[in-house]
Chemist: 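Got a structure here, written out as structure tokens. Questions coming.
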Amino acid sequence: MTDLKMKISGVMDLPDYEMDQFIEEAFFAKDVLLHHRGPGAEFTGWIDLPENYDRKEFSRIQKAAEKIRSDSQVLIVCGIGGSYLGAAAALDFLKGGMSNLKAEKEGGLQIFFAGNNMNPTYINDILDMTKGKDFSVNVISKSGTTMETSISFRIFRKELEERYGKEEAAKRIYATTDKEKGALKELADKEGYETFVVPDDIGGRYSVLTAVGLLPIAAAGCDIEQLMKGAQEMRELLLADEEEVTDAVAYAALRQELYEWEMQIEIFVNYDPDLRMFAEWLKQLFGESEGKDGYGIFPASLNFTSDLHSMGQMIQDGERNLFETIINIENTPRDITIPAFEEDFDGFQYLEEKPVSLLNQTAIVGTANAHIEGGVPQIYFAVPDRSEHSLGELFYFFEFACGISAYLEGVNPFNQPGVESYKKNIKELLSKYKN
């Protein structure tokens, strides 16, 4: 039984018969997805992953994570897109956005994500963070030729080899790549890096529960067994009754009905800064899965209450072309009360001794009501806590709902032809530097 709950508000004007039609079509899309009959079916290995993942590799991941924590103060993860967003989302969700500062103070492992941009200042800043510290590198690329990842890996590999020597450096490099082929696999075999597999039947944005995400998450000290258990229980719930209108079916159907009514933008909203990277993961999941053939709901994200002071006006009174998907962690692990003063210098004396969490939850309700009154449909997800189990449920739920939604839209959820276009253009422009 899952504790993840969904609530829908502000959609009363939509015709019931139309929603019924979308629900019926969503069931068909779900059937196509589960029976691997749709476009891109060769990349649906993630559906059964929580049940049939490689236990031997899982054990190796746990042992490698222990080694990294024992011999390193810093782990640099080189990857882009699905090769880092899931792990980054998990670390913020489970450890908090200040986790690297805490780790440095308490002597734990700091984890930095490189290879997701080509900004030299950013790369140098991470290099600076390794000074005087032992470090390891996890490079993630199925082909080994992804530009941003490859360039960053070159830099950090050189730093490792200069500091430790080639033989010792090889013991500090972990390559997550293709099982049999590709530039990174060939290099790893030649140099003796420990390798983990990017499965052939799972695309990057669906790969967080493979070694792609699990090694960095485990290295951070998180319980990946509970993460997989949460995903497994969500899978059982979503697959248990083929005729039940699960939240995943309802969410996918509602998204496409809203899109039909020209709600072309979905804003993923949170009231917790530590969910920011989870929203980034969602943006790639839905944007890369659905944005094709001239179609697709545009995924955006906002962090409330801070972004209410910049975007609240647009949401409240702007063009009615968007809907909100709110993700809220309902139980706060650490709270703090508002201190009392003799004078009421700011007009908030009446809130003294109240917990800040009360204000945050009140802001959620007040903002939601205002936006609904302003004509903004809302889908609310209540997450019980910041545990690995809850996160595993979340990851699987949204992957499953995205697959249904994309098939409802009539596109292949598992390819990305537009991404290949810009990569090709960049490489052609850089070719002038070849001798």
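Numbers for residues simply follow the sequence, beginning at 1.
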Chemist: Is atom NZ of Lys229 surrounded by more than 12 heavy atoms (other residues, nucleotides or ligands) closer than 6.0 Å?
Modeler: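 Counting neighbours around NZ of Lys229, 12 or fewer heavy atoms of other residues, nucleotides or ligands fall under 6.0 Å, so no.
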Chemist: Within this structure, what is the NE2-CD1 distance for the pair His371 and Ile267, rounded to the nearest 0.5 Å?
Modeler: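 His371 NE2 to Ile267 CD1: 8.5 Å, rounded to 0.5 Å.
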Chemist: Calculate, to the nearest 0.5 Å, the distance between atoms CG and CE belonging to Asp274 and Met98 respectively.
Modeler: 8.5 Å
Chemist: If you compare all heavy atoms of Ala363 against all heavy atoms of Thr367, which two are closest, and at what distance to 0.1 Å?
Modeler: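 So the two residues come closest at O-OG1, 2.7 Å.
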Chemist: Hydrogens and angles aside, do Gln232 and Glu51 bring a side-chain donor and acceptor to less than 3.5 Å of each other?
Modeler: yes
Chemist: Does NZ or CZ of Arg55 fall inside the cone over Tyr53's six-membered ring, less than 6.0 Å from its centre and within 45° of the axis?
Modeler: yes
Chemist: Go through the steps to decide whether Trp281 and Arg205 satisfy the test side chain to side chain contact (heavy atoms under 4.5 Å, CB included), and finish with yes or no.
Modeler: CA-CA 8 Å; Trp281 177 79; Arg205 57 190 175 276; 5.8 Å; no
Chemist: Taking only Lys NZ, Arg NE, NH1 and NH2, and the carboxylate oxygens of Asp or Glu, determine whether Lys142 and Asp178 approach each other closer than 4.0 Å.
Modeler: yes
Chemist: With heavy-atom distances below 4.5 Å as the criterion, would you say the side chains of Asn116 and Glu148 are in contact?
Modeler: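 No, side chains not in contact.
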Chemist: Go through it in stages, so that I can follow the logic: the residues are Phe278 and Phe268, the test is ring pair (Phe, Tyr, Trp, His ring centres under 6.0 Å), and I'd like the CA-CA distance, side-chain angles, deciding distance and then a yes or no.
Modeler: CA-CA 10 Å; Phe278 187 78; Phe268 293 108; 8.5 Å; no
Chemist: Apply the ring pair (Phe, Tyr, Trp, His ring centres under 6.0 Å) test between Tyr206 and each candidate in Phe395, Phe43, Phe400, Phe414; give the one that qualifies.
Modeler: Phe414
Chemist: To check you understand the geometry: which heavy-atom pair defines the closest contact between Ile202 and Ser207, and what is its length?
Modeler: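 Smallest interatomic distance, heavy atoms only, reads CG2-CA, 3.9 Å.
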Chemist: Asp247 vs Lys5, test: salt bridge (charged side-chain N to carboxylate O under 4.0 Å, His left out). Steps then yes/no.
Modeler: CA-CA 8 Å; Asp247 285 348; Lys5 305 298 182 186; over 6 Å; no
Chemist: Return yes if a side-chain donor-acceptor contact under 3.5 Å exists between Tyr271 and Asn328, otherwise no.
Modeler: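 Per modelled atom types, Tyr271 and Asn328 side chains form no pair under 3.5 Å.
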Chemist: Ignoring hydrogens and angles, tell me if any N or O in the side chain of Lys179 forms a donor-acceptor pair with the backbone of Lys185 under 3.5 Å.
Modeler: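 No: the side chain of Lys179 does not pair with the backbone of Lys185.
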Chemist: Check whether Asp385 reaches the backbone of Ser387 with its side chain - one donor and one acceptor, N or O, closer than 3.5 Å.
Modeler: yes
Chemist: So, Arg60 and Glu194, do they make that salt bridge, N to O below 4.0 Å?
Modeler: yes
Chemist: Between Gln361 and Ile329, what is the shortest heavy-atom contact and its length?
Modeler: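 Scanning both residues completely, I find the closest heavy atoms to be NE2-O, 4.2 Å.
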Chemist: Just checking, is any N or O donor in the side chain of Glu266 or Thr325 under 3.5 Å from an acceptor N or O on the other one?
Modeler: yes
Chemist: Does a sphere of radius 6.0 Å around CZ in Arg154 hold more than 12 heavy atoms from other residues, nucleotides or ligands, not counting ones at 6.0 Å or beyond?
Modeler: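 Not buried by this count: 12 neighbours or fewer within 6.0 Å.
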Chemist: To the nearest 0.5 Å, what is the distance between CD1 on Ile140 and CG on Leu215?
Modeler: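 Between Ile140 CD1 and Leu215 CG, I get 7.5 Å after rounding to 0.5 Å.
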Chemist: What's the separation between atom OG in Ser150 and atom CD1 in Ile155, rounded to the nearest 0.5 Å?
Modeler: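 Separation between the atoms: 11.0 Å.
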Chemist: Would you give the length of the straight line joining atom CD of Glu399 to atom OG1 of Thr44, rounded to the nearest 0.5 angstrom?
Modeler: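 With rounding to 0.5 Å, CD (Glu399) is 12.0 Å from OG1 (Thr44).
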Chemist: So for atom CD, which belongs to Glu24, do other residues, nucleotides or ligands contribute more than 12 heavy atoms lying within a distance under 6.0 Å?
Modeler: no
Chemist: Let's go through Asn124 and Thr121 carefully: what are the C-alpha distance in whole Å and the side-chain angles of both, what is the deciding distance for side chain to side chain contact (heavy atoms under 4.5 Å, CB included) to 0.1 Å, and is it a yes or a no?
Modeler: CA-CA 5 Å; Asn124 275 304; Thr121 301; 5.8 Å; no
Chemist: Please tell me if the side chains of Ile297 and Arg255 come closer than 4.5 Å, counting only heavy atoms from C-beta onward.
Modeler: yes
Chemist: Just so I know, are the side chains of Leu94 and Glu388 near enough to count as touching, which here means a heavy-atom distance under 4.5 Å?
Modeler: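 Side chain of Leu94 against side chain of Glu388, heavy atoms only: contact under 4.5 Å found.
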Chemist: Set out, in order, the CA-CA distance, both residues' side-chain angles and the distance that settles ring pair (Phe, Tyr, Trp, His ring centres under 6.0 Å) for Phe112 and Tyr122, then state yes or no.
Modeler: CA-CA 11 Å; Phe112 298 99; Tyr122 182 85; 8.9 Å; no
Chemist: Minimum heavy-atom separation for Pro413 and Gly403, please, with both atom names.
Modeler: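 Shortest heavy-atom contact: CG-O, 4.1 Å.
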Chemist: Going by atom types alone, do Ser357 and Thr332 pair a side-chain donor with an acceptor below 3.5 Å?
Modeler: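 Checked: Ser357/Thr332 side chains show no N/O donor-acceptor pair below 3.5 Å.
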Chemist: Under a plain distance cut-off of 3.5 Å, with no hydrogens placed, do Ser405 and Glu290 share a side-chain donor-acceptor pair?
Modeler: yes
Chemist: Are Arg235 and Asp48 packed together at the side-chain level, in the sense that at least one heavy-atom pair is separated by less than 4.5 angstrom?
Modeler: yes
Chemist: Will you find, in the side chains of Glu25 and Gln21, an N or O donor that is under 3.5 Å from an N or O acceptor?
Modeler: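 There is such a pair between these side chains.
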Chemist: Quick one: does Glu57's side chain get under 4.5 Å of Phe196's, heavy atoms only?
Modeler: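 Heavy-atom side-chain distance check passes, below 4.5 Å.
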Chemist: Pair Leu160, Ile173 - check side chain to side chain contact (heavy atoms under 4.5 Å, CB included), show working.
Modeler: CA-CA 9 Å; Leu160 277 172; Ile173 297 175; 3.5 Å; yes
Chemist: Side chains of Ser152 and Ile123: closer than 4.5 Å at any heavy-atom pair?
Modeler: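 Yes, their side chains come closer than 4.5 Å.
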Chemist: Scan side-chain atoms only and decide if Ser301 and Arg276 contain a donor-acceptor pair under the 3.5 Å cut-off.
Modeler: no
Chemist: Who passes side chain to side chain donor-acceptor pair (under 3.5 Å) against Glu42, sequence neighbours left out?
Modeler: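 Glu42: no side chain to side chain donor-acceptor pair (under 3.5 Å) contacts found.
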Chemist: Are any non-hydrogen side-chain atoms of Glu260 and Phe22 less than 4.5 angstrom apart?
Modeler: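 Yes. Closest side-chain heavy atoms under 4.5 Å.
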Chemist: Are side-chain heavy atoms of Ile126 and Phe113 found at a separation under 4.5 Å?
Modeler: no
Chemist: Please lay out, stage by stage, how Tyr407 and Phe28 fare under the test ring pair (Phe, Tyr, Trp, His ring centres under 6.0 Å).
Modeler: CA-CA 9 Å; Tyr407 277 153; Phe28 178 76; 9.3 Å; no
Chemist: Parallel, tilted or perpendicular, judged at 30° and 60°: which one describes the rings of Phe153 and Tyr193?
Modeler: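 Answer is perpendicular, since the angle exceeds 60°.
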Chemist: Asn138 and side chain to side chain contact (heavy atoms under 4.5 Å, CB included): which partner among Leu75, Ile68, Ile76?
Modeler: Leu75
Chemist: Considering all heavy atoms of both residues, which atom of Asp272 and which atom of Asn270 are nearest to each other, and what is their separation?
Modeler: O-OD1, 2.7 Å
Chemist: Provide the full list of side-chain hydrogen bond (donor to acceptor under 3.5 Å, both in side chains) pairs with a residue in residues 79-104, sequence neighbours left out, each pair given once.
Modeler: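 Found Glu104-Lys133.
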Chemist: So, are Arg157 and Glu191 salt-bridged, with charged N and O less than 4.0 Å apart?
Modeler: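 Yes, charged N to carboxylate O under 4.0 Å.
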Chemist: Any side-chain donor-acceptor pair under 3.5 Å between Asn369 and Glu373?
Modeler: no
Chemist: Quick one: do Arg69 and Glu66 make a salt bridge, cutoff under 4.0 Å?
Modeler: no
Chemist: Could you tell me the separation between the CD atom of Glu233 and the CG atom of Leu4, rounded to the nearest 0.5 Å?
Modeler: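 CG of Leu4 is found 12.5 Å from CD of Glu233.
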Chemist: What about Tyr259 and Phe323, are their ring centers closer than 6.0 Å?
Modeler: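 Judged by ring-centre distance (under 6.0 Å), Tyr259 and Phe323 do not meet the cut-off.
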Chemist: Would you call Asp71 and Lys171 a salt bridge, using N to O less than 4.0 angstrom?
Modeler: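 Lys171 and Asp71: not salt-bridged.
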Chemist: Apply the test side chain to side chain contact (heavy atoms under 4.5 Å, CB included) to residues Tyr380 and Ser9: give CA-CA distance (whole Å), side-chain angles for both, the deciding distance (0.1 Å), then the verdict.
Modeler: CA-CA 8 Å; Tyr380 176 90; Ser9 305; over 6 Å; no
Chemist: Of the non-hydrogen atoms in Pro216 and Ala211, which two are nearest, and what is the gap between them?
Modeler: CD-O, 4.1 Å
